[in-house]
Amino acid sequence: MRKRIVPVMAAAILIGLAFFFGLRHKSREVDFEIGGQKVKASGPIAYSGHELLVPLKFAERLLGVNIRWNPPASLPKGVYYRGKVAVLMYHHLSRKPLLPSILPADRFTEQMKLLKQDGYHVITMEQYRRFMLGNGKVPDNAVLITFDDGYESFYKLAFPVLRKYGYTAVDFVIVSDVDNPGKGGLPKLTWSQMREMKKFGMGFYNHTYDLHYYVPVDDQGGMGPALSSRLYIDDETRSEYNEEYYRRITGDLGLAERRLKEELGNTDSALAFPYGSYNDHVLDAAGSLGIPLTFTVKEGLAERGETNADRINGGSNLRTPAQTIGRIRKFVPKRELTVNGRGVPLAAIQPQLRKGTLLVPLDDICRSLHIAMNYDGLKGMVKLTMPKARHA
């Protein structure tokens, strides 16, 4: 059976490549379908950097929105960005330098000092939630401090520093490690430590119950993150069915949510993906469980309404504290793509001027509007599906 499948797959791949390379090297007609209605493209269409580029005016007409590509509005001195949040990401801290990926506590202390000196404003998770999900405001140069994995060093080394500077932070914990102490490895937080820290504004959220590891994904020994991969079942020589996979991850995330509520009294929810890896099934599972905010490890500033947010790695020992905090400004865009006045995060490529026409990345624009895109290379069709109502 496998020998028959391989040529078919290869042919499909070649057809798809021919379609996209055709878009890249020459103009061709592409039809669009949105809301069941077909729309003919006007102007040149291009494919570059894994993004479909269409004329700005056509994108406005297709989606019924106002799109702009302009320099950001000038800001007062000392204001680096406005209406955005830099979400800093950390993991384990140590008293002495150990590995490039483990930040010494004194460097963390210096980073926190620089945040205050350089005019950044550390916000709470509640401020972040209201900003992302409603009409809440955040200060200029807003920063949210996050930790992953729930290491005990958050309590022993980070917590005293955070209290010194009047900051709050959140930690995404692997809940099974808390429920089952003594599993080995670096010491993890306890429920009592987290309850103590919650009194001072710290927050603790979902990093899965027990899906922070790699699993086999095929019969060749390939491995993938347990949350975002369908498990290969060796005894049955098959991968999980979609229903099995969805049930497994929903059960795990739901158990983590329940334990966080039971032990800490959480009334809100957030999820950081292990290894930053996720897919549509994971997002759907989170939505079904009432988890409205998720966090990746991709670097960038988080925009209002961007519920699946980028973060900036602050935990590398390869940079000085000044270099780490200075990197935040690197992610402030020189020009901004906006839809109806709201910034659009650009995943792969920026707008391009071709033959006097400004082409904009339709993928990113649709992603910001929660519109699903599907390419049909054989028909030269791009189908756009409007978003469904998210689970409460």
Side-chain angles (χ1 to χ4, degrees), residues 49 51 56 66-90 107-108 110-125 127-133 135-146 165 167 169-170 272 276 293-316 318-353 358 360-361 363-365 367-369:
E51 293 272 358
L56 183 149
N66 183 273
I67 302 172
R68 293 291 179 267
W69 174 240
N70 293 319
S74 59
L75 297 172
K77 184 178 180 181
V79 176
Y80 316 125
Y81 53 91
R82 178 171 284 168
K84 299 177 177 63
V85 180
V87 184
L88 292 178
M89 176 182 66
Y90 299 91
R107 289 201 164 195
F108 177 74
E110 185 64 21
Q111 286 185 20
M112 298 301 100
K113 179 181 177 182
L114 287 173
L115 285 177
K116 192 170 289 283
Q117 287 182 352
D118 291 354
Y120 291 94
H121 299 96
V122 175
I123 63 172
T124 67
M125 187 60 153
Q127 287 176 286
Y128 179 85
R129 185 184 67 80
R130 291 198 304 264
F131 173 71
M132 285 298 171
L133 302 178
N135 295 318
K137 295 182 179 180
V138 293
D140 297 336
N141 306 337
V143 171
L144 178 70
I145 300 172
T146 69
Y165 286 98
Y167 297 160
V170 302
L293 298 172
T294 55
F295 294 83
T296 72
V297 298
K298 180 189 168 194
E299 293 202 307
L301 298 178
E303 306 268 355
R304 182 189 292 276
E306 190 181 349
T307 55
N308 188 27
D310 298 339
R311 294 189 282 177
I312 298 171
N313 181 21
S316 173
L318 296 176
R319 302 185 188 98
T320 67
Q323 289 171 334
T324 295
I325 300 306
R327 284 185 74 243
I328 295 175
R329 300 181 211 178
K330 168 189 173 183
F331 299 100
V332 178
K334 300 295 186 292
R335 296 178 73 91
E336 283 189 314
L337 184 66
T338 61
V339 173
N340 294 336
R342 179 173 290 180
V344 175
L346 299 176
I349 195 166
Q350 299 204 346
Q352 298 179 8
L353 190 64
L358 183 65
V360 294
D363 304 61
D364 290 334
I365 293 171
R367 194 176 298 116
S368 73
L369 297 170

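In what follows, residues are counted from 1 in the order of the sequence shown. Because the structure is a prediction, the values reported are computed rather than measured.
For the salt bridge (Lys or Arg N to Asp or Glu O under 4.0 Å) test, residues two or more places apart in sequence or in another chain that qualify with Arg367 are Asp364. Scored by the side chain to side chain donor-acceptor pair (under 3.5 Å) test, Thr146 finds Arg311 as partners (sequence neighbours excluded). Qualifying side-chain contact (heavy atoms from CB on, under 4.5 Å) partners for Asn135, counting only residues two or more places apart in sequence or in other chains: none. Not counting sequence neighbours, the partners of Arg130 by the salt bridge (Lys or Arg N to Asp or Glu O under 4.0 Å) test are Glu126. Checked against side chain to side chain donor-acceptor pair (under 3.5 Å), Thr338 has no partners two or more places apart in sequence or in another chain. Partners of Pro333 according to the side-chain contact (heavy atoms from CB on, under 4.5 Å) rule, which considers only residues two or more places apart in sequence or in another chain, are Lys84, Glu336. Partners of Arg327 according to the side chain to side chain donor-acceptor pair (under 3.5 Å) rule, which considers only residues two or more places apart in sequence or in another chain, are Glu299. Phe331 pairs by the ring-ring contact (aromatic ring centres under 6.0 Å, His included) definition with nothing, not counting sequence neighbours. Judged as a side chain to side chain donor-acceptor pair (under 3.5 Å), and not counting sequence neighbours, the contacts of Tyr90 are Gln111. Looking at residues two or more places apart in sequence or on another chain, you find a side-chain contact (heavy atoms from CB on, under 4.5 Å) between Ala86 and Tyr81, Val143, Leu301, Ile312, Ile328. When the side-chain contact (heavy atoms from CB on, under 4.5 Å) test is applied to Leu353, the partners found at least two apart in sequence or on another chain are Leu358.
Side chains of Pro139 and Ile123 form a contact here, defined as non-hydrogen atoms less than 4.5 Å apart. Contact annotation: the side chain of Leu115 never approaches that of Tyr165 to less than 4.5 Å [non-hydrogen atoms, C-beta and beyond]. Between Thr307 and Thr294 there is no side-chain heavy-atom pair separated by less than 4.5 Å. By the 4.5 Å heavy-atom criterion applied to side chains, Leu144 and Phe295 are counted as neighbours. Looking only at side-chain heavy atoms (C-beta outward), Arg304 and Arg342 come within less than 4.5 Å of each other. Pro76 places a side-chain heavy atom less than 4.5 Å from the side chain of Arg82. For the pair Leu337/Ser368, no side-chain contact is recorded, criterion being any heavy-atom separation below 4.5 Å from C-beta on.
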Using side chain to side chain contact (heavy atoms under 4.5 Å, CB included), reason through Gln117 and Ile325 one step at a time and then give a plain yes or no. CA-CA 11 Å; Gln117 287 182 352; Ile325 300 306; over 6 Å; no

Just do the side chain to side chain contact (heavy atoms under 4.5 Å, CB included) check on Thr324 and Leu88 with the steps written out, would you? CA-CA 10 Å; Thr324 295; Leu88 292 178; 5.5 Å; no

Kindly determine whether Leu293 and Tyr128 satisfy side chain to side chain contact (heavy atoms under 4.5 Å, CB included), including the steps that lead there. CA-CA 10 Å; Leu293 298 172; Tyr128 179 85; 4.1 Å; yes

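Listed by first then second residue, pairs satisfying side chain to side chain donor-acceptor pair (under 3.5 Å) with a partner in residues 66-76 read Glu60-Arg68, not counting sequence neighbours.
When atom types are taken as modelled, the side chain of Asp140 and the backbone of Gly119 share no donor-acceptor pair closer than 3.5 angstrom.
Distance check, rounded to the nearest 0.5 Å: CE of Met89 to OG1 of Thr296 gives 8.5 Å.
Of all non-hydrogen atoms in Leu318 and Gln323, the two that sit nearest each other are O-OE1, 4.3 Å. The heavy-atom pair separating Arg319 from Asn313 by the smallest distance is NH1-O, 3.8 Å. Looking at every heavy atom in both residues, Gly83 comes nearest to Glu303 through O-OE1, 4.3 Å.
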